[in-house]
Every structure is written in C-alpha cells, then in structure tokens.
Amino acid sequence: MRMSRLFSRTLRQAPTGADSKGYEYLLRAGFIKQLGAGIFSALPLGFRSLKKIEQIIREEMDRIGGQEISMPVVNPADIWKQTGRFYSIDKELSRFKDRVGRDMVLAMTHEEAVTALAAQEIDSYRQLPSLVYQVQTKWRDDPRPRAGLIRVREFTMKDSYSFDADHEGLVKQYERHYEAYFKIFGRCGLSVIAVGSDSGMMGGSVAHEYMYLSPIGEDTIIICDKCGYTANRQIAAFEKELFPEEMLPLEKVETPNTPTIKALAEYLSIPERKTAKAVFLMGTFTGEDQQEYQKLIIAVIRGDLEVEEAKLQKAVRAKELRGAADDEIRACSMEPGYGSPIGARDCIVVADDSVVGSQNLTAGANEPGYHLMNTNYGRDYEGITADIAAAQEGSACSVCGMPMRSSRGVEVGNIFQLGTRYSESLDCYFQDVEGKRKPVVMGSYGIGVGRLLACLTEEYHDGKGLKLPITVAPYQVHLVSLVKQGDEPEEIYKQLCDAGIEVLYDDRKDSPGVKFTDAELIGLPIQIVIGKRTLQEDAVELSLRGDGEKKLVPLSEITSVVQEHIRKLTEEITDSMVVESLPPSSP
RNA sequence: CGGGCUGUAGCGCAGGGGCUAGCGCGCUUGGUUCGGGACCAAGAAGUCGGCAGUUCAAAUCUGCCCAGCCCGACCA
C-alpha cells in the first residue's frame, strides 16, 4: 500500500479523552475513529490488524474442529423470551419492534440463535459432537462505555458453540477451547492467564475468563503464586480466619457518631473483626408470575471483610442489585449506619460464614447512636448463610493457605460450560443410541476481537508509537523512500510485493522527519529506508521496530533478508507461546 | 441513572455582551529545501453543539435539550 493513497492519516496530537497510551496511539496512528460513545470505525490499518487477529482465531478454531457460520445480528424476540433472557436482562439488551409490531432484539450474544439453529439441524447422536463459530458484530448497550476499545457497545466477537451428547463430551470440547485460546492469544503475542469466573447471565456451572493483566483492567483477579489458584474476585474463594467463642449475653451500648466500622472500632477500642457490618442492597427479583419485584437485602459480614456483590447476588438469586436508599432501609425497621438484622422485617438476611463462625460481634442496634455487643448468628438472628466476602490482597488461599495477591485484568476471552439450559428451553434435543430423547449439552466460548487489539496496543508501544508483533501488525514492512529520483524505490516496492510481503510504502513527498516519525507511530516491525547514501552503496537500510539497530542490506538481497526476518520474528512469537491445559481440579 | 467537566475550522486550543472570530498543526497553490515532525509567499476552510429567552446588540448572559469525556452505579 502506498501511503500517498492511504485513506487514514496520522495525528500529531491525540484527541482529548485518549487516556491510555494504547488508545492514544490507535487514534494517532489512524487505526480507528470514534463515531459515538462506544462506537468505532476501523480504518484500513486497524482493520488489517483486526483481520489478522480474526485469521489467527479462525485457524485455531478450525484446528479444534470448528466450522464457521454466520448468524443474524437482529433476532426475533421469541427465542429470547423462551430462554427468559428477554425478561432477565435489563436495558443492556436493545429491543425494538419491526413494522408489523413484532418484538425484535439486537443480539448481544448468540446462544438463542445458535440453539434454535441446532434444534433444526441436530436430531441424532451421530451428528455429535459438533462445533460452530462465527466472527460477528455484537451490540450491548453498556451503561458506560469507556477506555477506547476496551469497553464499547458495538464490537466484533468470535463466539463458538459446542454441542455434545453428554457432559463428558462437553468437557472435552471445553478443554480443547481452553488450550486453543492460549494458542490464539499466544500467536497474537498477548500473555494472558485463565481464571475461574462467575458464569453471570450465561448460567451454567464452570467458566473461565482469559485475563490480560494490566492496571487499566476493570476486573480484579486474585492469584496464588504458591499453588497457582487464580480466580476473578467475583468468585474467588479464600480461607477466613474464624474466632469462635462462648456466646455472651446481648448488651446495648451508647456509641455516638459511629456510623462506620472504623469509627465504631475506635470508639469501643475493639478490633474491626469483633464487629458485624451490615450492607444494605435493593435486589430485583422475578416472581413466579414473571412479575418483577424488589426486596431489601441486608448482608451481614464481619467488620474486617468486604462484601463481594457478585457472590451476594448469586446467593440470593437476584436479577439485579443496587445500593439501598436510607428510607428503604428504615422501611424495614433498620437504621443506616447503626443497622443489623436484629429487629429487621420484610427483608432478606444473608450472613457471611465469617459472622456464623465468629461470636460476640458488635452490631448496630437499629437506633442512631447505639450498638449491640455480643450479637450472635443463630441466637439473635437467622438468614441465608453463604460466602459473600471479597478476597483481597493478602487473603489466604483456600487451596494452600498462602497469602494471595490481587491484580487488575482485562477480560479478552471467556469459556462457559452451559449444559442444557438453552437446549431445553429451545427444544434442541437429539436421540441417543438407545433412541432416547435428550437435550444437547452445550458450551459457549467468546473472544473480543477489538478488545484484544486494544490490549495488544497497551502491551506493545513505546514513547514513539505502536510496535505490534508481526503476527498482528497491519503490514510487515514499512518501506520509506527518501529519494526523489530514480526507479529504485518503485522497483524495490514491486519486488517485495511480488514476493508476497506486506508492504506499506511511504512514497509521499514529505520530509524525512515526517516519514520517520510516522513510521515509528504506526510501528511496523520491519523498516526499510532507501536514501541517496544507501543507494550509492547499492543498498538499503533495514531496522527492526524497537531495537534501533540499522544495517545495510544489498539491493539484490532485500527480499530474502526481509523474508528471513519475517520468519524469525514470527518464530519468536510462537516460541514464547505458553499453552496451558485445563487443570484437572478446576472449579 | 447520580456527580463533575467539555462542546469555537480536520486535530489541539484561545477569545467570554459591541463592529470583518483568532492561534498552532494539518489542508490548497507556487517556489526553495531534502537522513529526524523544513522554509518563504499566497490561499481555502467555522450558521461558535441545538432550540428558546434576556438585550439596541449574544460565540459571550439565562433556561431547556443534545452530544462527548471523567468518577461512581452498572457490566460475560
């Protein structure tokens, strides 16, 4: 491609709002352009990178037996009603009516569509196992898009769906994906870790997320360096130290101006672990009649711990949680800042293991300025008991007991064992060897293509611009011509193209400085400079992005030398690839 | 959805009741230059986010709306 003809251009200054370096360079190098909040166009350079990522994904999906298909972005709402997600998902799912008034949705994922499709195609065990995938646009009306391509509303996703006759089959396909994903990310040059995750709105039991560890990530990952346990904090287990004691009688004490655990512990001179904290949330539930209703939830946890809302939401099976307002708390006979489940009414009490296993905790008296000492679960109040505590930096690993660390991560892929939830509700059944009708056992597997590119640009840049790995860079070679006369540049360009090498050829009439700066900004892995000086020696200058080392290459050897570099650079990526297998004891 | 900030030329910004709305970069034309964001000259380009109001007069003041960004809520 000639740069004089390139549709996009580079920007000297980043548009405002480009807060991360990766995003800034994507914009400045002319890879992407924003159209609206969380809505982006891919320009030629960005589009080429995205295509390369997709190609890698296709190859690895094909390798594990995937067959590519394409499913519609617009779905009739019926199938979403049948699985219940039309009702259970909030505004993130965009709905509209067609001209006849039929309910339609913009697919945010394709479990419904693929299950409806499989229901028509699959009727015998002989057709199983099966695996289909697509690279398709998704729309999710995220309440707050941000961070460039990391969190957008419209995006491209590779989603695959496995169909099996039984759970063992599903596990096999799941394992294959588990490894294939490491190959995909590895070939792109991104190191990720797989962590156990919450299955969220997908339902199902086992799920993993692939995390690119970075401070810009919005997920918190808990990692045990000792034994290798990793999990999203939303489900991360940890060992809680309990403090069992003989129960003592309740005692009401005056505790002015102590609405927080910290203030209370200081006022009474007791450690925070001797207190019970009440966290009030309003949960949205769907009743048996499909009607939504709200109910206050009081989560009780030991004062030295924090509530993990995802765990809590799971424990109470709420569709949604939000912080409760003060008057909503008072409506249930409790007092914000001095609250406890003792004396509460019309609400759901959830007690963390920590308050079940530790006695004589100081909790609110539901009266401003007063607390109760020696409250005890079971004697003074009851409710659902569960682990609803958030693991933190330093929490003890539930497997080996060592202190764990926490890290931020970006979720670039996920895999779910769905089971039969979708096949049952959409009537996707097959006949087994014995002629018995059974629901197909399904798995669902996603990779965010744009998000992956965003992570790659976060990982691969320096002060001057991008330096994407050769496997995903839009072109392999940046050919910079500094000479105004002679046919050499055109000949070299043609020669490289004819050899099947991907070349971005800077044939513009700009000054050398402009060309060098743009070459660094776009950051293609191999850079070739043709100058008067080099031509006098019948050579060009070749350098690799990042190492700054320049060497002269004779004109006659350019193609072979470039091919050798491409081979080596590609090899370096594949050599450093680490493919892990699904740990046998995984959740 | 709550809180905050910002909308003026392609990008980055200045101007903040008064007469033809500016600057840098970019763009166009001509010339010079030619290995690290060159120089000279001449140009093109903005209904100042929208609507309404106040005023003799609004980019400027007020209200409403829209859009984008940041924090939070939220989120496969």
Side-chain angles (χ1 to χ4, degrees), chain A residues 8-20 23-24 27-28 30 33-40 85 89-93 108-111 138 140-148 150-153 155 157 159 195-204 207-211 217-219 232 234-235 281-282 284 309-310 313 319-325 409-418 444-448 451 464-465 480-485 506 508-521 527 529-536 540-541 543 548 550:
Chain A
S8 61
R9 57 173 154 193
T10 55
L11 297 176
R12 198 175 285 217
Q13 280 166 300
T16 37
D19 29 38
S20 79
Y23 182 29
E24 179 187 330
L27 290 167
R28 283 188 50 204
K33 202 85 178 175
Q34 185 171 6
L35 183 60
I39 307 177
F40 288 84
R85 292 208 289 186
I89 298 173
D90 206 33
K91 290 182 188 138
E92 203 181 348
L93 176 67
M108 48 197 290
T109 172
H110 281 80
E111 279 77 18
K138 303 279 187 271
R140 292 180 192 178
D141 198 357
D142 195 293
R144 192 182 156 204
R146 65 183 116 181
I150 301 279
R151 204 167 136 184
V152 292
R153 294 195 290 171
F155 57 100
M157 180 184 233
D159 43 327
V195 307
S197 76
D198 187 14
S199 50
M201 69 172 178
M202 303 293 316
H208 284 86
E209 289 169 342
Y210 289 74
M211 291 286 176
E218 294 185 304
D219 284 280
N232 193 309
Q234 294 177 330
I235 64 150
L281 293 148
M282 197 50 104
T284 305
E309 283 190 26
Q313 186 170 355
K319 174 179 163 186
E320 200 190 320
L321 291 181
R322 64 168 170 83
V410 180
E411 181 191 348
V412 287
N414 53 35
I415 54 179
F416 292 100
Q417 291 185 10
L418 296 177
S444 155
Y445 318 83
I447 291 178
R451 186 180 275 190
K464 291 174 171 176
V480 177
S481 167
L482 300 178
V483 298
K484 288 284 175 331
Q485 279 150 5
D506 197 344
R508 298 175 302 175
K509 297 187 189 337
D510 281 290
S511 67
V514 172
K515 296 186 175 188
F516 289 138
T517 314
D518 278 351
E520 274 150 352
L521 182 55
Q527 189 184 95
V529 179
I530 312 168
K532 245 192 288 188
R533 289 186 206 160
T534 67
L535 285 180
Q536 277 164 5
V540 295
E541 186 179 274
S543 59
K550 299 169 179 173

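Throughout, a chain's letter reflects where its sequence line sits, starting with A, and its residues are numbered from 1.
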A.B. asks: What's the closest nucleotide to the side chain of A/E92 if the choices are B/C75, B/G35, B/C70?
C.D. replies: B/C75
A.B. asks: Find which nucleotide of RNA chain B each of A/P143 and A/I530 is nearest to by heavy atoms, and output the residue with the more 5' nucleotide.
C.D. replies: A/I530
A.B. asks: Starting at CG of A/D19 and ending at P of B/C5, how long is that distance when rounded to a whole Å?
C.D. replies: 19 Å
A.B. asks: Please state the C1' separation for the pair B/G46 and B/G72 - nearest whole angstrom.
C.D. replies: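 So the two C1' atoms sit 37 Å from each other.
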A.B. asks: Atom NZ of A/K484 to atom C1' of B/U33: distance rounded to whole Å?
C.D. replies: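 Value for this atom pair: 9 Å.
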A.B. asks: Could you state the NZ-C1' distance from A/K532 to B/C34, rounded to the nearest angstrom?
C.D. replies: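 Atom NZ in A/K532 sits about 7 Å away from atom C1' in B/C34.
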A.B. asks: Would you say a side-chain N or O of A/Q234 is under 4.0 Å from OP1 or OP2 of B/A76?
C.D. replies: no
A.B. asks: Looking at side-chain heavy atoms only, is the closest gap between A/L482 and A/V529 below 4.5 Å?
C.D. replies: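 Yes, their side chains come closer than 4.5 Å.
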A.B. asks: Please tell me which of the listed nucleotides, B/G35, B/C75, B/G68, lies nearest to the side chain of A/R533?
C.D. replies: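 Selected nucleotide (nearest to the side chain): B/G35.
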A.B. asks: Can you tell me, in whole Å, how much space there is between the P of B/A45 and that of B/G35?
C.D. replies: 36 Å
A.B. asks: Among the nucleotides B/G37, B/A76, B/G68, which one has an atom lying closest to any side-chain atom of A/R12?
C.D. replies: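 The listed nucleotide nearest to A/R12's side chain is B/G37.
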A.B. asks: Identify, between A/E309 and A/A147, the residue whose nearest nucleotide on RNA chain B lies closer to the 5' end.
C.D. replies: A/A147
A.B. asks: Under 4.0 Å, heavy atoms only, any strand: does A/G446 hit a base, just the sugar-phosphate, or nothing?
C.D. replies: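 A/G446: no heavy atom of the nucleic acid under 4.0 Å.
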A.B. asks: Taking only Lys NZ, Arg NE, NH1 and NH2, and the carboxylate oxygens of Asp or Glu, determine whether A/D142 and A/R153 approach each other closer than 4.0 Å.
C.D. replies: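 Looking at A/R153 together with A/D142, the answer is no, because their closest N to O distance does not fall below 4.0 Å.
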A.B. asks: Any side-chain heavy atom of A/T517 within less than 4.5 Å of one from A/R12?
C.D. replies: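 Counting from C-beta outward, A/T517 and A/R12 never come under 4.5 Å.
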A.B. asks: Taking A/R151 for the side chain and A/P145 for the main chain, is one N or O donor matched with an acceptor at less than 3.5 Å?
C.D. replies: no
A.B. asks: Tell me what A/Q34 touches on the nucleic acid: a base, only sugar-phosphate, or nothing, going by heavy atoms under 4.0 Å.
C.D. replies: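 Sugar-phosphate: the residue A/Q34, judged by heavy atoms under 4.0 Å, touches backbone atoms but no base.
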A.B. asks: Below 4.5 Å, heavy atoms only, C-beta onward: do A/Y23 and A/Q34 meet side chain to side chain?
C.D. replies: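 Yes, close enough: below the 4.5 Å cut-off.
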A.B. asks: Over how many whole Å does the gap from A/D518 atom CG to B/G37 atom P extend?
C.D. replies: 13 Å
A.B. asks: For A/L11, does its backbone N or O pair with a side-chain atom of A/R28 as donor and acceptor, under 3.5 Å?
C.D. replies: yes
A.B. asks: Is A/T517 close enough to B/G37 that one of its side-chain N or O atoms is under 4.0 Å from OP1 or OP2 there?
C.D. replies: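 Answer no for this pair, as no side-chain N or O of A/T517 is under 4.0 Å from OP1 or OP2.
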A.B. asks: Base, sugar-phosphate, or nothing: which does A/R28 touch, judged by heavy atoms less than 4.0 Å apart?
C.D. replies: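 The answer is base, as A/R28 lies within the cut-off (heavy atoms under 4.0 Å) of a base atom.
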A.B. asks: Atom CZ of A/R146 and atom C1' of B/C1: how far apart are they, to the nearest Å?
C.D. replies: 14 Å
A.B. asks: Would you kindly give the CD-to-C1' distance between A/Q313 and B/C75, to the nearest whole Å?
C.D. replies: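 Spelled out: CD on A/Q313 to C1' on B/C75 is 11 Å.
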A.B. asks: To the nearest Å, how far apart are A/R451 CZ and B/C75 P?
C.D. replies: 14 Å
A.B. asks: Can you find an N or O donor on one side and an acceptor on the other, under 3.5 Å apart, linking the side chain of A/R144 with the base of B/C69?
C.D. replies: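 Looking at the base of B/C69, it does not pair with any donor or acceptor on the side chain of A/R144 (distance under 3.5 Å).
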A.B. asks: How long is the line joining NZ of A/K509 and C1' of B/U28, in whole Å?
C.D. replies: 16 Å
A.B. asks: Provide the distance between the two P atoms, one in B/U60 and one in B/C19, to the nearest whole Å.
C.D. replies: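 To the nearest whole Å, 13 Å.
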A.B. asks: Starting from the C-alpha separation in whole Å, work towards a yes-or-no answer on side chain to side chain contact (heavy atoms under 4.5 Å, CB included) for A/E218 and A/E411.
C.D. replies: CA-CA 8 Å; A/E218 294 185 304; A/E411 181 191 348; over 6 Å; no
A.B. asks: Would you mind classifying the nucleic acid contact of A/M157 as base, sugar-phosphate or nothing, using non-hydrogen atoms under 4.0 angstrom?
C.D. replies: base
A.B. asks: Taking side-chain hydrogen bond (donor to acceptor under 3.5 Å, both in side chains) as the test, write out the residues that go with A/S8, two or more places apart.
C.D. replies: none
A.B. asks: Taking the same atom, C1', in B/C70 and in B/U33, what whole-Å distance lies between them?
C.D. replies: 45 Å
A.B. asks: Quick one: closest heavy-atom pair of A/G446 and A/M157, and the distance?
C.D. replies: CA-CE, 4.1 Å
A.B. asks: Check every strand shown and say whether A/K550 touches a base, only sugar-phosphate, or nothing at a heavy-atom separation below 4.0 Å.
C.D. replies: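 Base, at least one base heavy atom under 4.0 Å.
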A.B. asks: Would you measure the distance from the P atom in B/G17 across to the matching atom in B/G3 and give it in whole Å?
C.D. replies: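 Those two atoms are separated by 28 Å.
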A.B. asks: Which pair of heavy atoms, one from A/Q234 and one from A/A310, lies closest together, and at what distance?
C.D. replies: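 Heavy-atom minimum between the residues: CB-CB, 3.6 Å.
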A.B. asks: Give me the distance, rounded to whole Å, that separates B/C61 from B/G4 when you measure between the C1' atoms they each carry.
C.D. replies: 22 Å
A.B. asks: Enter the distance from A/E92:CD to A/R140:CZ here, rounded to the nearest 0.5 Å.
C.D. replies: 6.5 Å
A.B. asks: Can you give the dot-bracket line for RNA chain B, where a pair is Watson-Crick or G-U wobble with both atom distances under 3.5 Å, crossing pairs use [ ], and | marks a partner on another strand?
C.D. replies: ((((((((.[[[[.)..(...]]]].((((((.....)))))).....[[[[[..)....]]]]])))))))....
A.B. asks: Check whether the side chain of A/E520 and the base of B/G36 form a donor-acceptor pair under 3.5 Å.
C.D. replies: yes
A.B. asks: Measure from the side chain of A/D142, starting at C-beta and using heavy atoms only, and say which of B/C74, B/C69, B/C25 lies closest.
C.D. replies: B/C74
A.B. asks: I'd like to know whether NZ of A/K484 has more than 12 heavy-atom contacts from other residues, nucleotides or ligands below 6.0 angstrom.
C.D. replies: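 Correct, the count exceeds 12.
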A.B. asks: Using atom P of each nucleotide, how far apart are B/A41 and B/A57 to the nearest Å?
C.D. replies: 43 Å
A.B. asks: Under 3.5 Å between N/O atoms: give me all the protein pairs with nucleotides 9-12 of chain B, atom names plus distance.
C.D. replies:
residue, atom, partner, partner atom, Å
B/C11, O2', A/Q13, O, 3.4
B/G12, OP1, A/T16, N, 3.0
B/G12, OP1, A/T16, OG1, 3.4
B/G12, O4', A/Q13, OE1, 3.4
B/G12, O2', A/Q13, NE2, 3.0

A.B. asks: When you compare B/A42 with B/A59, how far apart are their P atoms, in angstrom units rounded to a whole number?
C.D. replies: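 Straight-line distance between the two P atoms is 30 Å.
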